[in-house]
Asks: 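Before I ask anything, let me first share the structure, which is written out below as structure tokens.
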Amino acid sequence: MISEKMVGLVKNSSVIRAMFEEGKKMAAEFGRENVYDFSLGNPSVEPPEEVKEAILEVARDPDQNHVHGYMSNAGHEEVRKAIADNINKRFGTAFDASNIVMTVGAAGGMNVIFKTLLNPGDEVITFCPYFGEYKNYVSNFDAKLVEIPANTADFQPKVDELAKAITQKTKVVIINSPNNPTGVVYSRATLEKIASILESRQKELGTSIYIVSDEPYRELAYDGVEVPYIPTIYRNTIVGYSFSKSLSLPGDRIGYLVIPSQIDGYADIFAAAGVATRILGFVNAPSVAQLVVSKCLNATVDVSVYNKNRELLYSKLTEFGYECIRPEGAFYLFVKALEPDDKAFVARAKQHHLLIVPGSTFGCAGYVRIAYCVDHDMIERSLPAFKKLAEEYN
Ligand code: PLP
């Protein structure tokens, strides 16, 4: 009864979600404390106190029709203004409310901007490894995802392959830094190289190529590493931001798009993004969540908790003989599987009650993703299992 397209999508439905469900089943069978679930990027750190206070403030707002009513499809004007001011202060930009569209998380934002930009057959370039859902988001609009293979030396993108991957049909290049699944932060030098390639290819082809910068992990960066703001590096950049990880609000579904006035076709794109928000059925991003986050723009979760997890897991896994680059952001380790088939390795890990995700889900076979947005205690309890698993391959 379901559509032909959905048949395929259901069949390939998220491996990560399946693993999460499997974890719940295993916990019921073996006891929660004996299952080490590193499968899902669900924040373990509580939202900051400011969020609770903001929720109460919004609940007590005397104008409850404003709090709960319909609004412009782009979102509350005062929220968009507050976000623009905040970005300007942080990155020296000059945005205002007319550059911000409130979205239903980063996922909603990407679907809105893809609906806005993509014709069937258009090409969207992504660097491997990448968040597997991009394939679905691009296919929603009958466009084609073009993968640039991974640079497994340091997981910075393979910039040298970008120029030849760009064709007359290339409309978007997705950048995701800090990156899911590697935790790598793309350096300023890398981003400048990407910008210069895009500028010259746009000129040669007479087209507009947009970077869509997917930034749910912007605030999760360690050791003071710089996460460059791409609109200040490349003119045709649209940013998709989310509060899912920065404030630990993934269930509240709130984020925004930044559509700078400097991009080609700004006025049409901004207007169309509002319409896309409406006709995709979002109508507008959740009103209460918009008002809450606008009061918490200088707050973030306690990133030191993730940092502590990163330090422990990275140091122990490398001590046990696993190969892995040291992540500088997000909350993932991307580790070389101890056999060529990452899915077989994941199955072997499961026998030790370790739930991890195959790299092939992210367009990079031979690796696995370990999400360390989990209780520190669980990491400590899991270490003997990681050690045993490594010993099996000696
Ligand atoms: N983009 C990346 C790279 C992600 O890892 C995720 C979620 O994990 C999303 C987008 C979707 O985030 P949101 O919950 O804000 O829709």
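Numbering of ligands and ligand atoms starts at 1, following listing order.
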Asks: Salt bridge or not between Glu204 and Arg201? Use side-chain N to carboxylate O under 4.0 Å.
Replies: yes
Asks: Are any of the side-chain nitrogens in Asp223 or Arg326 under 4.0 Å away from the carboxylate oxygens of its partner?
Replies: yes
Asks: Quiz question: by atom type and distance under 3.5 Å, do the side chains of Asp375 and Ser44 form a donor-acceptor pair?
Replies: no
Asks: So is Met110 touching ligand 1 or not, going by heavy atoms under 4.0 Å?
Replies: no
Asks: Ion pair present between Lys308 and Asp302, side-chain N to carboxylate O less than 4.0 angstrom?
Replies: no
Asks: Suppose we measure from atom 15 (O) of ligand 1 to each protein heavy atom; which comes out shortest, and what is that distance?
Replies: Ser242 OG, 2.6 Å
Asks: Assess Pro216 for proximity to ligand 1: is some non-hydrogen atom of it under 4.0 Å away?
Replies: yes
Asks: Closest non-hydrogen protein atom to atom 8 (O) of ligand 1, residue and atom name please, with distance?
Replies: Lys245 NZ, 2.9 Å
Asks: Assess whether a salt bridge exists between Glu21 and Lys25, defined as any Lys/Arg side-chain N lying under 4.0 Å from an Asp/Glu carboxylate O.
Replies: no
Asks: Does a side chain donor of either Glu391 or Asn394 reach within less than 3.5 Å of an acceptor in the other side chain?
Replies: no
Asks: Which option out of Asp214, Thr103, Leu40 puts a heavy atom nearest to atom 3 (C) of ligand 1?
Replies: Asp214
Asks: Going by the order shown, which atoms of ligand 1 are within less than 4.0 Å of some heavy atom of Gly105?
Replies: 15 (O), 16 (O)
Asks: Is it true that Asp264 and Gln202 share a donor-acceptor pair across their side chains at a distance under 3.5 Å?
Replies: no
Asks: Does a donor on one side chain sit under 3.5 Å from an acceptor on the other, for Glu219 and Tyr241?
Replies: yes
Asks: If you have a sec, work out which protein heavy atom is nearest atom 9 (C) of ligand 1 and how many Å separate them, to one decimal?
Replies: Phe131 CE2, 3.5 Å
Asks: Out of all atoms in ligand 1, which are within 4.0 Å of some heavy atom of Asn176? Include the element for each.
Replies: 3 (C)
Asks: Could you verify whether a donor N or O on one side chain and an acceptor N or O on the other, from Ser360 and Asp342, lie under 3.5 Å apart?
Replies: yes
Asks: If you count the atoms of ligand 1 from 1 in the order shown, which ones are under 4.0 Å from a heavy atom of Ala107?
Replies: 11 (C), 13 (P), 16 (O)
Asks: Hey, are Arg80 and Glu77 close enough for a salt bridge, meaning a charged N less than 4.0 Å from a carboxylate O?
Replies: yes
Asks: Determine, considering heavy atoms only, which of Tyr241, Tyr217, Tyr134 sits nearest to atom 4 (C) of ligand 1.
Replies: Tyr217
Asks: Any atoms of ligand 1 less than 4.0 Å from a non-hydrogen atom of Ser244? List them with their elements.
Replies: 13 (P), 14 (O), 15 (O)
Asks: Run the numbers for me: atoms of ligand 1, each under 4.0 Å from some heavy atom of Asn180, listed by number.
Replies: 3 (C), 4 (C), 5 (O)
Asks: Flag Arg253 as yes when one of its N or O atoms lies below 3.5 Å from any N or O atom of ligand 1, and as no otherwise.
Replies: yes
Asks: Of the backbone atoms (N, CA, C, O) and the side-chain heavy atoms from C-beta on, which set of Glu133 has a member under 4.0 Å from an atom of ligand 1: side chain, backbone, both, or neither?
Replies: neither
Asks: Report the part of Ala106 in contact with ligand 1, treating N, CA, C, O as backbone and CB onward as side chain, heavy atoms under 4.0 Å; options are side chain, backbone, both, neither.
Replies: both
Asks: Considering distance alone, does some N or O of Tyr332 sit under 3.5 Å from an N or O of ligand 1?
Replies: no
